Protein chains: 2
Amino acid sequence: MYEGLEERAIDLGKTASSSDVIYNALRDEIISGHLKAGDSIRQEYIAKVFNVSRIPVREALKRLEAQGLVQNERYKGAVVSSLSNAEIEEIFAIRAYLEPLVIKRSVENIKPQTLADARRYCEEFSDEEDAGKWGEWNRLFHETLYQDANYPFHLKTIREAIDRVDSYIRAQLVLTHGMTRARKEHLEILEACEQGDGDRAAEMIRQHIQGAYASLMEYLKENKDS
Amino acid sequence: MYEGLEERAIDLGKTASSSDVIYNALRDEIISGHLKAGDSIRQEYIAKVFNVSRIPVREALKRLEAQGLVQNERYKGAVVSSLSNAEIEEIFAIRAYLEPLVIKRSVENIKPQTLADARRYCEEFSDEEDAGKWGEWNRLFHETLYQDANYPFHLKTIREAIDRVDSYIRAQLVLTHGMTRARKEHLEILEACEQGDGDRAAEMIRQHIQGAYASLMEYLKENKDS
DNA sequence: CTATTGCATATTGGATCCAATATACAATAT
DNA sequence: ATATTGTATATTGGATCCAATATGCAATAG
């Protein structure tokens, strides 16, 4: 009796609220670049798309505002945040500062399953030509490698940092062979982790991030219009 | 004509929304320790206290959740987040890692006005015996010294880190002469900044934070009950 | 007496409605 | 023609109401 029932029932209580669904959807739209910096987000429109009232939409917007992805002005509404070049520099600086620390700590007690997951994300995304999905695999790869650090606050900070620059990265990657280069670097980082060489992994992550920043700035210099 | 009118009118458009007021109030209650870890926050009660409906209360709670100060469970409501010892260690670790970097960068182009502000917060709070207000002065002192780094994302991260541990610090400070020690260290840090010695300021900030962590852990070890 | 079930109450999630403000545009004055 | 003013519309902020779920307690079966 009861065999297997509990596992099947586990996710029953955690059905996502409308607010959660809309938050995730808007976040995806922003970091994928479908919603661009400066775009205003109309509550009524989002509500109609999801067949809900504006209440959960507004709650989602408050969360996005707390994260910095949108800016709210009273009686004017939410606008997708834009980043100055200085702010882009800052985001990459904190990533290049935090992620080496975290990966080193994570490698110190990394689980085989974690390495297997990371390898899967690494290989699966290498087949993926769609830059849209690339961002998701990229994020999963990074987060997976960091997860055994058991540093949730660092992880949240890194996640929010990546979220802020993701749309910029993506716009650049599709045009500059950045994806093949990133894949190669990911593989090397993964191998360092598999060998338990935290220092090497940390240094490579640092270079990986700084290289991405350099490519992005070069790209932005050549495309000032967009 | 028009003389002085514009300045007087500036803040007219920015009257805070109910949601903002309630967010700030709840945040204050949590970081001051009046709302303790594990306490549940009843929407209806907050709404009645502020003479508003539950809508702005819920929006405020969503922001607090995004910040990590409360946790929401569907149909159960918001509960003030608690921190394990490991999480406390993590918060202090990231503070000790980020704040030296930021103060060094800030000192490099710090403005006289900033130093004057910091000195004021330093001296005014030294008279302050009330641990409640102490936290506010402490935060202002730290944030002021960091502001000329022009690193808003770092600052936001540091602010949220401090918010998470503030109530724990305060509980400890009042009983262990921590306030007089902190005041002395603040003064020394301020002097290093005034002399333009960023490296020294960075090192002292690091020790200041690690010392606070050590005191807190000792305090928590002796008071496992609370 | 204990465990389960059913029900009443409390609380949160969401929908609908109204108020406050912004925005676009026509009307008017200079 | 240009700048100002008035007005209609669009949009957001908030209040009130209803639905969905949780929680506490009494009733009942064993």
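None of these values were measured; they are calculated from a predicted model. Naming: A, B, ... by sequence-line order, numbering from 1 per chain.
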Residues passing the ring pair (Phe, Tyr, Trp, His ring centres under 6.0 Å) test with Phe153(A), sequence neighbours excluded, are none
Between CD1 of Ile55(A) and P of dT12(D) the distance, given in whole Å, is 13 Å
| request: Would you indicate, yes or no, if dG13(D) has its OP1 or OP2 atom less than 4.0 angstrom from a side-chain nitrogen or oxygen of Gln43(A)? | output: yes
With the side chain defined as heavy atoms from C-beta on, Val52(A) is closest, among dT12(D), dT12(C), dA15(C), to dA15(C)
In whole angstroms, the gap separating P of dT11(D) from CG of Asn72(A) amounts to 16 Å
Whole-Å distance, Glu59(B) CD to dG13(D) C1', equals 8 Å
note: Ile46(A), atom CD1; dA10(D), atom P; distance rounded to Å ~ 18 Å
Of the candidates dT21(C), dG14(D), dG14(C), the side chain of Ser19(B) sits closest to dG14(D)
Original post:
Reckon Ile41(B) touches a base, only the sugar-phosphate, or nothing at all at heavy-atom distances under 4.0 Å?
Top reply: sugar-phosphate
Under 4.0 angstrom between Ser18(A) side-chain N/O and dG14(C) OP1 or OP2:
yes
Tell me whether Ser106(B) contacts the main-chain N or O of Asp148(B) through its side chain, where contact means a donor paired with an acceptor under 3.5 Å. yes
note: Glu73(B), atom CD; dA10(C), atom P; distance rounded to Å ~ 22 Å
Rounded to whole Å, OH of Tyr75(A) lies from P of dT23(C) at a distance of 13 Å
When rounded to whole Å, the NZ to P distance for the pair Lys48(A) and dA15(C) reads 14 Å
| request: Mind checking Ile22(B) for me? I need base, sugar-phosphate or nothing, with any heavy atom below 4.0 Å counting as a touch. | output: nothing
Open item on the list: Salt bridge or not between Glu160(A) and Arg164(A)? Use side-chain N to carboxylate O under 4.0 Å.
Closed with: no
Between the CZ atom in Arg159(B) and the CD atom in Gln67(B), the distance rounded to the nearest 0.5 Å is 9.0 Å
By nearest-heavy-atom nucleotide on DNA chain C, the more 5' of Lys76(A) and Arg58(A) is Arg58(A)
Looking only at N and O atoms, is any donor in the side chain of Arg54(B) or the base of dG13(C) less than 3.5 Å from an acceptor on the other one?
-> yes
Exercise. Using only heavy-atom distances, determine whether the side chains of Asp117(B) and Gln113(B) contain a donor-acceptor pair under 3.5 Å.
Key: yes
Ser53(A) has its side chain closest, among dA15(C), dT11(C), dT12(D), to dA15(C)
Whole-Å distance, Phe50(A) CZ to dA15(C) C1', equals 17 Å
